[in-house]
Amino acid sequence: MMRRLRNVALIVVALAAVGGVYALLVPSPQTAVAQTADTARTAQGRALYEQACISCHGANLQGEPGRGPGLTGVGDAAVYFQVSTGRMPLAGPQDRGYRKAPAPEFDPTTEQGSANLAALGAYVEANGGGPTTPTTPGDQLIGSDVAHGGELYRLNCASCHNFTGRGGVLADGRYPPRLDGATPTQMYTAMLSGPMAMPVFSDQQLTPEEKKDIIAYVVSVRGQNNAPGGFGLGELGPSTEGVIAFVVGLATLVGVAAWIGART
Amino acid sequence: MSTPREPTGHELERMSRSELVELGGSLDGVQVVSDEPAHGSDTPDRERRSRRLVTLLLVLSLLCAAGFVWAYLFWPTGYVPPGAPGHTAYLLYTPLIGLTFFGAVGALGVALVVYVRRFYPDEVAVQHLERGPSPEKDRFTAAATFAEAGAHTGFGRRTMIRRLGLTGFGVIGIMGGLVAVGGLVRNPWRQGTDAALWTTGWKPTGDEPVFLRVAAGDPREIVKVRPEDLEPASILTVVPFRESERDDVEKNHDAEMAPDNPVVLIRLPAGTHVTNPPGREDLHHGDYYAFSKVCTHLGCPAALYDTQLQVILCPCHQSEFRITEGARPVFGPAARPLPQLPITVDADGYFVARSDFLDPVGPSFWEMRRGSR
Amino acid sequence: MGLVARALTRGAADAVDRRYSVASAARRQASHVFPKHHSFFWGEIALYSFVVLVLSGTYLALYFVPDTTEVVYTGPYAPLQGLFVSRAYDSALSLSFEVRAGLFVRQLHHWAALLFVAAMILHMARNFFTGAFRRPRELTWLGGVALLAIGIFEGYLGYSMLDDLLSGLGVRIFSGLLLSVPVVGTWLHWLVFGGEFFGDIWISRFFIAHVLVLPGLLVALIAVHVGLVWYQKHTQFPGPGAREDTVVGERALPGFASRTVANGVCVLAVLGLLAGVFQINPVFLWGPYTPTQVSTYIQPDFYAGFLIGGLRLWPRWEFHLGDHTVAAPFWVGLVLPLLMFALLALYPWLERLRTGDHAPHQVLQRPRDDATRTGIGAMGLVFWGILFASGATDVLASTFDVPFEYLVWAGRIGLLVLPPLAFVVVRGVCRGLQRSDRDALEHGVHTGVLQEGPDGVYVELRRPPGGADRAGRPVPLRYGGSRIDRRPDTGADQTEEQR
């Protein structure tokens, strides 16, 4: 309840902030200043890269055979998604690259972390371009047409991530992640960059508005949102319902029968 | 059981209740062996405690019932979206009436069980079973009665009439069955080579090109697909579209709802090694491949594109199809590859289907010929 | 009871009896003896669930519109507003969001359906393992098998009609199974669906089957089933006085009647709890069915789980007869369930072939006393269980982080290896238990007390369950089919004698 209220408050604050931020950012072509700032950021990103990524992805993003793929052209969006969700850097040879707590220096919830993410992204972006992380704050990546987002979600996403974002399975023991913990920016960059086994959803295929609507739908149904019928039982479909039917329903009634039928 | 002497009415009136029950039991072959008094009421103290427990349960039941009625009538039930004020209260409606319902009915049930266990005598009764066949007297007389009835009808002797009559009844039955089922029978193959199972919405009509349109759930939204719309390693669900039907909302809705129309257009990552099956070498357009989205096992949308293994997985029964080998099944129950839609790009740069699928779409059926892939 | 009430009751009873002369029948039924055992209430759980199904289903039918016509959803549930949905789905949404307690009753109906089938399975297992199906109750068993089969199909039709994404896929699979039937498959499909999948007539056909045809059959079968149990008297476990020609228990009034009513009330209470607290089949989250969309974790309700398990395990064995194709799903989607139900239905006669036992039985057996039957039952349950678990390979794979391909292979191999293994193991265990029972009766129950013999060897004291005669020799007891008192306290001898 508190979290919901907080979310509401955040959205309101964010919406109020949009106008100001938008007015500040868009019409001022301060190219020269931006360029020097960019160069400094890229250099910082390179330093971070050489510290955290170079051992697997190679000195010039060219990749290391058997250790990690080349990163030329993957873009800032891929960096943001992989690093902010803790998938990268890998914790060790056993790490299969699934979501974990992000490295402290890349924690997107801290100021330093997001600055580092942006710098690392800028460095990768500077080498071959690629899809970029949206500059709009996460709260503004939640669209308004939830129903349309739901339709697109079921069409493009539910076959792997399940109708309420509870994940699924892939061949060979891999699995598409649950969407519980994913922030709007992470979902957005995942669609843009197509990490791991996931296909790419370019802006021609799903417009930014459509991506935002999809995110809005995910946010509206995950984590027991829109579950007016009681506990959602993981929203996995009928398998958990069957378990409850036996473990709660039938077991209770067998107990009742034992009590009714016992000799006094 | 010994048959007691038939008591007179006068005697019956003078008998006590227990004597009457015993007499009734003897008539029914039932004997009450033990009738231990209930353990919940064998001392005044226990009686009091048992009584208090049952009363408490019944009061609890009534309170919950009142709560149920109150919640049912006065709790807000109108849908409130997440994040809006009152959402939590709305979410609680069904659990609330469920819990009060459970309290009301459950406490009543428990009160009943407690009452029965504490206050009813612990009875052991024995009933004698009339087992096996009926007495000879009944069997012989019954058989004779039926035999005589049969003889009176004379059906046994008049064989011709018997057979005709029985046939008549049989024919009525067949007539009934015919009427019941006949209307339901439809010929799946009436349209010959155009029969529904041989064709899909991708079959060209005349010279009009059939475009690949993005399936988006909205028949008013017409988006045709061009190669540049897809990045490498992406997948798009498309349905057939004809320019002559651009404003026909119903047709375009039907195109999305027709079960054998959905196609996945896949752009493979550049440089993916592909082995097309013989005779299917030129159905694709560069890195773009179009396959039926309908699983050849039992028809679910085979939609899960794994860009690492280049495999399509069907989420219903986990068949895996290798895209780089003509969507050949490599694991699971599906036996046939996903049919491939021949595609090309027209002069304006839009994808069009060159023809219908070369193979039947969806689950296998009896009339499907050998060699259908 | 007040004087007036008593007079009124007497007057009414008198009036009825003068017209219908029911006194003797009424007395007979009131003193009908019903054996007491808690497992005899399991079938009633199914019965009362069915009553709840009929009542809640009637309520739902007041709101549900069995129509495939597409409309634009304009109801209050924002995440679906403006989408094209069938009127059937639309009415299910309206029932869930706009009717007071509509969602509660919908969930009550669905939970009752799950409990109905679950209780039938449990009840059937009890009847199987205790030999209750033996002569003269073969028809009761047969009716029970039919009830289970119809109950499963009835449930399937029920959740299919809502036309949400999950159920639509279920209907699509049913359509594929019809198509797979050799020779007549396509004709059958056209007969049921009126054309190619899914057409616009199927919901109204499913509806009339779900609310009239199958419930009618179920009511008739339940009436015959329960009527036969009552008419033939309930079977009983071995115990004091329980013989082949007696029934030992309590009379219908008041004991049995009160207990069965209490059981029914408790069934309703538990169903209400489930319906209120656990969300089931959230069709609004699944979204409307369209053939382009799909989700992960596509499972049917649990009772059809064995079917989808079979479909997932069966290899891609499609073969051709001349110019024709025999589709792979036919064998496991239709032949296997028919075979399973045929074996179940015929089991009383199959067992008679094995045992040559034609005698009528009123007294049940403990599962250990027919080791082979119990082994066969375990074999069947394991076979069913593997199919059932394989129906959720995806959920299991992601929950336990195992590749689902391994689970499919484990299921395929397990289906061939584990049932026979279960048979051998369970039969062995049963025989061991039989030996231990005979041993206890012959040599006495283990007491754990050691006593030094005259030759210095320690011997465990064993308490003969039949007590000892005056000379201290154990009184031999024959095994009567009931539980042996294994309490080691030697003081139990006295109570044994006192009886």
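Letters A, B, ... mirror the listed sequences (proteins, then strands); counts begin at 1. This one's a predicted model, so the numbers in the text were calculated from it and none came from an experiment.
- Across Leu313(B) and Phe404(C), no two heavy atoms sit closer than the pair CD1-CZ, 3.7 Å.
- Only the side chain of Thr393(C) comes within less than 4.5 Å of a heavy atom of chain B; its backbone N, CA, C and O stay farther away.
- Within the 4.5 Å cutoff, the side chain of Pro301(B) has heavy atoms near those of the Leu169(C) side chain.
- Side-chain atoms of Asp122(B) and Lys36(C), non-hydrogen and from C-beta on, do get closer than 4.5 Å to each other.
- When heavy atoms are compared at a cutoff of 4.5 Å, Val80(B) does not approach chain C at all.
- The candidate from Glu70(C), Arg135(C), Arg243(C) with the greatest count of non-hydrogen atom pairs under 4.5 Å with chain B is Glu70(C).
- Two residues are said to be in side-chain contact when any heavy atoms from C-beta on lie closer than 4.5 Å; Val185(B) and Trp187(C) meet this criterion.
- Contact between Asp245(C) and His128(B) at its shortest, heavy atoms only, is O-ND1, 3.6 Å.
- Taking the six-membered ring where tryptophan is involved, the planes of Tyr79(B) and Phe97(C) are perpendicular, since the angle between them exceeds 60° and thus also 30°.
- When heavy atoms are compared at a cutoff of 4.5 Å, Ala196(B) approaches chain C by way of both its backbone and its side chain.
- Contacts between Leu96(B) and chain C at a heavy-atom distance below 4.5 Å are absent for every atom of the residue.
- Neither the backbone nor the side chain of Tyr115(B) comes within less than 4.5 Å of any heavy atom in chain C.
- When all heavy atoms of Ser258(C) and Tyr120(B) are compared, the pair lying nearest together is OG-OH, 2.7 Å.
- The side-chain heavy atoms of Val126(B) and Val247(C), taken from C-beta on, include no pair separated by under 4.5 Å.
- When atom types are taken as modelled, the side chain of Glu318(C) and the backbone of Ala335(B) share no donor-acceptor pair closer than 3.5 angstrom.
- Trp75(B) approaches Arg100(C) most closely through the heavy-atom pair O-NH1, 3.4 Å.
- Contacts of Trp314(C) with chain B are made by backbone atoms alone, with heavy-atom separations under 4.5 Å and no side-chain atom involved.
- For the set Phe319(C), Tyr297(C), Tyr77(C), Trp317(C), the count of heavy-atom pairs under 4.5 angstrom toward chain B peaks at Tyr77(C).
- Formation of a donor-acceptor pair under 3.5 Å by the Arg186(B) side chain with backbone atoms of His189(C) is not found in this model.
- Residue contact with chain B, scored on non-hydrogen atoms closer than 4.5 Å, involves the side chain of Arg205(C) exclusively.
- Heavy atoms closer than 4.5 Å to chain C are found in the backbone of Glu256(B), but not in its side chain.
- Each of Gln107(C), Arg251(C), Gln232(C), Lys233(C) has some count of heavy-atom pairs under 4.5 Å with chain B, and the biggest count is that of Arg251(C).
- Residue contact with chain B, scored on non-hydrogen atoms closer than 4.5 Å, involves the backbone and the side chain of Leu311(C) alike.
- Heavy atoms of Ala258(B) lying under 4.5 Å from chain C belong exclusively to its backbone.
- At distances below 3.5 Å, at least one donor-acceptor pair connects side-chain atoms of Thr325(C) with backbone N or O atoms of Met368(B).
- With a 4.5 angstrom heavy-atom cutoff, Thr237(B) touches chain C only via side-chain atoms.
- Under a cut-off of 6.0 angstrom, the local environment of CD in Glu22(B) is sparse, with at most 12 non-hydrogen atoms contributed by other residues, nucleotides or ligands.
- Between Val326(C) and Trp366(B), the shortest heavy-atom contact is CG2-CZ3, 3.8 Å.
- In this structure, chain B has a heavy atom under 4.5 Å from the backbone of Ala275(C), while its side chain stays farther away.
- For a residue to count as touching a neighbouring chain, one of its non-hydrogen atoms must lie under 4.5 Å from one of that chain's; by this rule Leu177(C) touches chain B with backbone and side chain alike.
- Contacts between Val21(B) and chain C at a heavy-atom distance below 4.5 Å involve the side chain alone, from C-beta outward.
- Looking at residues two or more places apart in sequence or on another chain, you find a side chain to side chain contact (heavy atoms under 4.5 Å, CB included) between Thr186(C) and Pro188(B), Trp189(B), Leu197(B), Phe365(B), Glu367(B), Leu179(C).
- Atom OG in Ser175(C) sits 8.5 Å away from atom CG in Leu298(B) (nearest 0.5 Å).
- The side-chain heavy atoms of Val294(B) and Arg172(C), taken from C-beta on, include a pair separated by under 4.5 Å.
- The side-chain heavy atoms of Ser31(C) and Gln127(B), taken from C-beta on, include no pair separated by under 4.5 Å.
- Partners of Val363(C) according to the side chain to side chain contact (heavy atoms under 4.5 Å, CB included) rule, which considers only residues two or more places apart in sequence or in another chain, are Gln236(C), Pro238(C), Glu244(C).
- At least one side-chain heavy atom of Leu268(C) sits under 4.5 Å from a side-chain heavy atom of Phe101(B).
- Looking only at heavy-atom pairs under 4.5 Å with chain B, the residue among Ile298(C), Thr292(C), Val192(C) that has the most is Thr292(C).
- Using a 4.5 Å cut-off between heavy atoms, Val32(B) contacts chain C through its side chain alone, with no backbone atom that close.
- At a 4.5 Å heavy-atom cutoff, Pro136(C) makes no contact with chain B through either its backbone or its side chain.
- The backbone N or O of Arg312(C) sits nowhere less than 3.5 Å from a side-chain atom of Gln318(B) that would complete a donor-acceptor pair.
- Of the two parts of Gln279(C), neither the backbone nor the side chain holds a non-hydrogen atom closer than 4.5 Å to a non-hydrogen atom of chain B.
- At a threshold of 4.5 Å between non-hydrogen side-chain atoms, the residues Tyr93(B) and Leu103(C) do not count as touching.
- Only the side chain of Asp260(B) comes within contact range of chain C, judged by heavy atoms closer than 4.5 Å.
- When each of Glu98(C), Glu250(C), Gln299(C) is checked for heavy-atom pairs under 4.5 Å with chain B, Glu250(C) comes out on top.
- Comparing Ser180(C), Cys266(C), Gly185(C), Pro182(C) by how many heavy-atom pairs each has under 4.5 Å with chain B, the most go to Pro182(C).
- Smallest separation of non-hydrogen atoms from Pro291(C) and Pro262(B): O-CG, 3.7 Å.
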